[in-house]
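Taking it in order: structure first as structure tokens, then the write-up.
When a ligand or atom number is given, it counts from 1 through the structure's own listing order.
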Amino acid sequence: MSDLKNLLYEKAKEARENAYVPYSGFKVGAAVLGESGKIYQGANIENASYGLTICAERVAITKAISEGEKKLKAILVVGDTPGPISPCGACRQFMAEFKIETIYLANLAGDIKEFTLEQILPYYFTLEKEEN
Ligand SMILES: O=c1ccn([C@H]2C[C@H](O)[C@@H](CO)O2)c(=O)[nH]1
Ligand SMILES: [Zn+2]
């Protein structure tokens, strides 16, 4: 396993432990690598008003951007799923906004698959003028 992938996997699993999931019980963790080299961790945060729930991916990305990262190099997402976790559509669009180069999807068993943004969200919405 590459050093970066391994580090992001450990950071995402660590973040997952902080998930606030009184309603689903389903903990998710994420770790984002910014262009500065810093890693940002995120966990899902649920709410009694269910629709306000924030996924782990968006927590980690929001932390990175609000700390000043302009480009995001990679994200790793982990959940207790049979195969690698599959991010929801909202998080895929959120990843598209920042053009995350490498997306690792993982489970607790250690299965980790690598994807590009185009692979997990082809023909994504953008307001940029050039075709994507
Ligand atoms: O990729 C995913 C999929 C689901 N969830 C969260 C949202 C909710 O808290 C729980 C169950 O859907 O898992 C994430 O954080 N990321
Ligand atoms: Zn999501």
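- No side-chain donor-acceptor contact under 3.5 Å links Tyr124 and Glu118.
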Are there any protein N or O atoms under 3.5 Å from the N or O atoms of ligand 1? List them with distances, or say none.
residue	atom	partner	partner atom	Å
ligand 1	1 (O)	Glu57	OE2	2.6
ligand 1	9 (O)	Asn44	ND2	2.9
ligand 1	9 (O)	Glu46	OE2	2.5
ligand 1	13 (O)	Asn44	ND2	3.4
ligand 1	15 (O)	Ala56	N	2.9
ligand 1	16 (N)	Glu57	OE1	2.9
ligand 1	16 (N)	Glu57	OE2	3.4

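- Under the 3.5 Å distance criterion, with hydrogens and angles disregarded, a donor-acceptor pair is assigned to the side chains of Ser36 and Glu69.
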*Working for salt bridge (charged side-chain N to carboxylate O under 4.0 Å, His left out), residues Glu128 and Lys99*: CA-CA 12 Å; Glu128 287 180 4; Lys99 301 196 169 50; 2.9 Å; yes
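- Note on Glu35 versus Lys73: no salt bridge recorded, every NZ/NE/NH1/NH2 to OD/OE distance being 4.0 Å or above.
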_ring pair (Phe, Tyr, Trp, His ring centres under 6.0 Å) for Tyr104 and Tyr9? Distances and angles first, verdict last._
CA-CA 9 Å; Tyr104 296 110; Tyr9 185 56; 10.0 Å; no
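- Rounding to 10 degrees, one finds that the Zn ion (ligand 2) sits at the corner of an angle of 120° between Cys88 SG and Cys55 SG.
- Arg92 and Ser86 share a donor-acceptor pair across their side chains, judged by distance under 3.5 Å alone.
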